[in-house]
A.B. asks: 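Handing you this structure, nothing more for now.
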Protein chains: 2
Amino acid sequence: MASLKDISRQCGVSVATVSKALNNHTDISEETRDRVRKVAKELGYSPNFSARALKTNRTHGIGVLFVDEARSGLTHDYFAGVLDSFKSTVEEKGYDITFINCSTKQPNRMTFLEHVKYHGFDGVVIACIDFEAPEVAELVQSDVPVVTIDHVFNNKIAIMSDNITGMTELTDYCISKGHKKIAYLHGEPSTVTTARLTGFYRATDKKGITIPDEYVVATKYRDTVGTYKETMKLLKMKNRPTCILYPDDFSALGGMNAIREMGFRIPEDISVAGYDGIKAITDREPQLTTIIQATDQIGERAAKKLISLIEKPKTTIIEQVVIPGSLQEGKTIARIV
Amino acid sequence: MASLKDISRQCGVSVATVSKALNNHTDISEETRDRVRKVAKELGYSPNFSARALKTNRTHGIGVLFVDEARSGLTHDYFAGVLDSFKSTVEEKGYDITFINCSTKQPNRMTFLEHVKYHGFDGVVIACIDFEAPEVAELVQSDVPVVTIDHVFNNKIAIMSDNITGMTELTDYCISKGHKKIAYLHGEPSTVTTARLTGFYRATDKKGITIPDEYVVATKYRDTVGTYKETMKLLKMKNRPTCILYPDDFSALGGMNAIREMGFRIPEDISVAGYDGIKAITDREPQLTTIIQATDQIGERAAKKLISLIEKPKTTIIEQVVIPGSLQEGKTIARIV
DNA sequence: GAAATTAATGTAAACTCTTACAGTGAAGAG
DNA sequence: CTCTTCACTGTAAGAGTTTACATTAATTTC
């Protein structure tokens, strides 16, 4: 592969001149610049990322840590949506994204932080289920510019989907349709789950509705088996709820199947709602009532904040940015009397 | 950041010795090795990727080019599934993956190949809609190790979902249920589409079933609006089909909505099937009949083949690997008489 | 006990790039 | 005619690592 040296030899100028010519420095004559450019093209010159990074200590690389229960979060619609928009945004600004290796099967793997330092990423974005993991904490507490999604760390930038308001809005909507016996299958303990529970109770409290404890049950996210089982239990209660809220759109499918299997109609007999706004689910009749999380905005804001933190660390405000979701009414919440 | 030099100073040995000690060379005494290791840990030493890459000309980096119509293919369930499994597999072997920048909005962006050469990726995996794009061709024809997914290039490794057999199987299944008037809304021209069309006609031909031309219509992939419209047209024909096959599971939703809107029942009046096996869709009642593409296997095979090509270029067989899908019967194809 | 072997360590170059600084020659100033 | 300025180009260091080869000391061989 052609290097600056090859070009310099061919052009009869020094390596420094070539470098400056290609990087548009002003102290190079137009003539030289054009000649260098031409030869560079002829030789099929490609700059060498590693050499440049070594010298400048900048990689224009961003590390991505998206981990869900199973693997890398790529098949997780919400994460995928966020990542997709994050990616487009940073790429526009000339950054590349590399996944932080989170394989557990490697013989002597690096920790997340080690991996980040090794690659010299300019910054890191993190979205995952388990923010409590020591390795994640180690990374967040390091001096690498970092933005987290849906979880707040002390003194770090976080982009948050507004789960409190979202869940309040969804619950309010159910109440406005006449529901008082609302069950909530929520996810396992996490920042997100806590926020949504807060929103849920905020709505019911305000309307003076008391939700029996047995209506509020933890299940896993995106686990149709879990919601199926728990839904069955709810339906068999003497004091059956009229409305069931699920951790997410996907897990709602498990619940809906249980409801139908028990011979109930949706929404005439039992109303349901999900959370996320996954098109593959909400585009099907009867359209699932849900809160659409603004993955586009979340990814974009995360990207812009991170780049700002990288490029202007002094003036970037460390804050939690909250991105509202929006209620998609759908057709799975019935009006009751 | 601590470097080899810092360790060498601290230990009173040469930089070379430190390097060898850390890299497990055999010509270093155990005592020295342990001492170096210890000091390295104390100083929080992290190897420098760029320096290493510069010297060795190896990055253990793999470039990923996943482009769909809209963006990066991350929100495309099939691609996401393939990528997820690809990622896990290469990460196990110590490779990292970076997206090849495909932003069109960048001022003076590099071509795909330039970007790959710049980063010095050891290999590249490509899955995209538009394999005809000159930039893609340039990349594929270069001397970078490459594996393509669902598209065959001369003399290059390709991993193919078995679309011919899959579509044959699906069509056969419909025929076995008594359907003769089968419409097929297929995707826009592409390797995948062609293969599936081949499979479709192979099945109908074998059974001596003639499909009217107006039953076979091009729509886009993952476009519910398109399938909605075309389904409407089909339903309004005097000679209405009894069964409609869709380009993919997601676009089938548009068709199903049209069918219901016209007052037909699924599958009693009109049978439908999709393609892909997207759980968010197939896990809902009535379960959509589809072909599940083995994304796990496709990603894994692509990864293994690519790594083999990188590490043992001489002995790696250049071939097209075909991965079969599997029929998921579901409940949207009815038996008719 | 000299020669040969082995084990451990060191030397130095190279990979490619950027950049602070130095140098050159020409033009302009006085 | 000297001095300064300007426009351009060159020199050289250094970023952190790997590795072929050289060196040294200790051990074995006959």
Side-chain angles (χ1 to χ4, degrees), chain A residues 1-40 43-61 94 110 114-122, chain B residues 1-37 39-40 43-61 94 96 110 114-122:
Chain A
M1 289 242 301
S3 69
L4 292 187
K5 211 201 277 183
D6 300 313
I7 302 176
S8 85
R9 202 179 303 128
Q10 183 93 354
C11 284
V13 295
S14 75
V15 170
T17 304
V18 176
S19 171
K20 287 190 257 182
L22 292 176
N23 290 302
N24 260 330
H25 287 216
T26 51
D27 58 350
I28 297 292
S29 72
E30 205 178 327
E31 193 204 325
T32 315
R33 188 163 55 84
D34 293 347
R35 190 155 42 95
V36 167
R37 286 265 166 87
K38 188 157 151 279
V39 174
L43 296 181
Y45 169 76
S46 170
N48 183 307
F49 166 84
S50 296
R52 183 176 285 171
L54 179 58
K55 180 70 194 173
T56 62
N57 221 13
R58 283 277 269 119
T59 58
H60 281 269
M110 297 179 177
E114 281 168 352
H115 197 247
V116 168
K117 287 170 67 183
Y118 175 52
H119 263 90
F121 297 133
D122 292 342
Chain B
M1 289 241 300
S3 68
L4 291 187
K5 212 199 275 183
D6 301 313
I7 302 175
S8 86
R9 202 181 302 127
Q10 183 94 353
C11 283
V13 296
S14 75
V15 170
T17 304
V18 176
S19 171
K20 287 190 255 182
L22 293 175
N23 289 302
N24 259 330
H25 287 217
T26 51
D27 57 351
I28 298 292
S29 72
E30 204 176 327
E31 191 204 324
T32 315
R33 188 163 56 85
D34 293 347
R35 189 156 42 96
V36 168
R37 286 264 166 89
V39 173
L43 297 180
Y45 169 76
S46 171
N48 183 305
F49 166 83
S50 296
R52 183 177 284 171
L54 179 59
K55 181 66 196 175
T56 61
N57 224 12
R58 283 277 268 119
T59 59
H60 283 269
D96 291 312
M110 297 181 177
E114 280 167 354
H115 195 248
V116 167
K117 285 170 69 183
Y118 175 52
H119 263 91
F121 297 133
D122 292 343

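Naming convention: chains lettered A, B, ... in sequence-line order (proteins, then strands); numbering from 1 in each chain. The basis for the numbers below is simple: all heavy atoms, side chains too, and nothing from hydrogens, waters or symmetry mates.
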A.B. asks: How would you label the contact of A:Asn57 with the nucleic acid (heavy atoms, under 4.0 Å): base, sugar-phosphate, or nothing?
C.D. replies: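 Nothing: the residue A:Asn57, judged by heavy atoms under 4.0 Å, touches no strand.
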A.B. asks: OP1 or OP2 of D:dT18 less than 4.0 angstrom from a side-chain nitrogen or oxygen of B:Asn23, does that happen here?
C.D. replies: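 For D:dT18, OP1/OP2 do have a side-chain N/O of B:Asn23 under 4.0 Å.
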A.B. asks: For DNA chain D, whose closest nucleotide is more 5', that of A:Ser29 or that of B:Thr17?
C.D. replies: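 By nearest-heavy-atom nucleotide position, the 5'-most residue is A:Ser29.
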A.B. asks: Quick one: label A:Ser50 by what it contacts on the DNA or RNA (base, sugar-phosphate, nothing), any heavy atom closer than 4.0 Å.
C.D. replies: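 Nothing: the residue A:Ser50, judged by heavy atoms under 4.0 Å, touches no strand.
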A.B. asks: Just checking A:Gly12: base, sugar-phosphate only, or nothing, at a heavy-atom cut-off of under 4.0 Å?
C.D. replies: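 Sugar-phosphate contact only.
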A.B. asks: Which part of the nucleic acid, if any, lies within reach of A:Asp27 when heavy atoms closer than 4.0 Å are counted: base, sugar-phosphate only, or nothing?
C.D. replies: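 Base contact.
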A.B. asks: Check this one for me: any side-chain N or O of A:Ser19 less than 4.0 Å away from OP1 or OP2 of C:dT18?
C.D. replies: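 Answer yes for this pair, as a side-chain N or O of A:Ser19 is under 4.0 Å from OP1 or OP2.
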A.B. asks: Just wondering, are more than 12 heavy atoms of other shown residues or ligands nearer than 6.0 Å to CG in A:Asp34?
C.D. replies: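 Atom CG in A:Asp34 is packed in, count exceeds 12.
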A.B. asks: Let me spell it out: for each of A:Ala51 and B:Arg52, pick the nucleotide of DNA chain D with the closest heavy atom. Which residue's pick is nearer the 5' end?
C.D. replies: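 Looking at DNA chain D, the more 5' nearest nucleotide goes with A:Ala51.
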A.B. asks: Any idea how B:His119 and A:Phe49 line up, ring-wise: parallel (<30°), tilted (30 to 60°), or perpendicular (>60°)?
C.D. replies: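 The rings of B:His119 and A:Phe49 lie parallel, inter-plane angle below 30°.
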A.B. asks: For A:His25 and C:dC17, what is the distance between atoms NE2 and P respectively, to the nearest whole Å?
C.D. replies: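 After rounding, the reported distance stands at 14 Å.
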A.B. asks: What does A:Val15 touch in the nucleic acid at a heavy-atom separation under 4.0 angstrom: a base, only the sugar-phosphate, or nothing?
C.D. replies: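 Answer is base: heavy atoms of A:Val15 come under 4.0 Å of a base.
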A.B. asks: Hey, does B:Val18 have a side-chain heavy atom less than 4.5 Å from the side chain of B:Val39?
C.D. replies: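 Sidechains of B:Val18 and B:Val39: no contact.
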A.B. asks: Can you tell me if the side-chain N/O atoms of A:Tyr45 get under 4.0 Å from OP1 or OP2 in C:dC17?
C.D. replies: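 Answer is yes, contact under 4.0 Å.
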A.B. asks: Apply side chain to side chain contact (heavy atoms under 4.5 Å, CB included) to B:Asp6 and B:Arg9, showing your working.
C.D. replies: CA-CA 5 Å; B:Asp6 301 313; B:Arg9 202 181 302 127; 3.5 Å; yes
A.B. asks: At 4.0 Å (heavy atoms only), tell me whether B:Phe49 reaches a base, stays on the sugar-phosphate, or touches nothing.
C.D. replies: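 Nothing, no heavy atom under 4.0 Å.
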A.B. asks: Please determine, for the side chain of A:Ala16, which listed nucleotide (C:dC15, D:dT11, C:dG10) has the closest atom?
C.D. replies: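 Nearest to the side chain of A:Ala16 among the choices is D:dT11.
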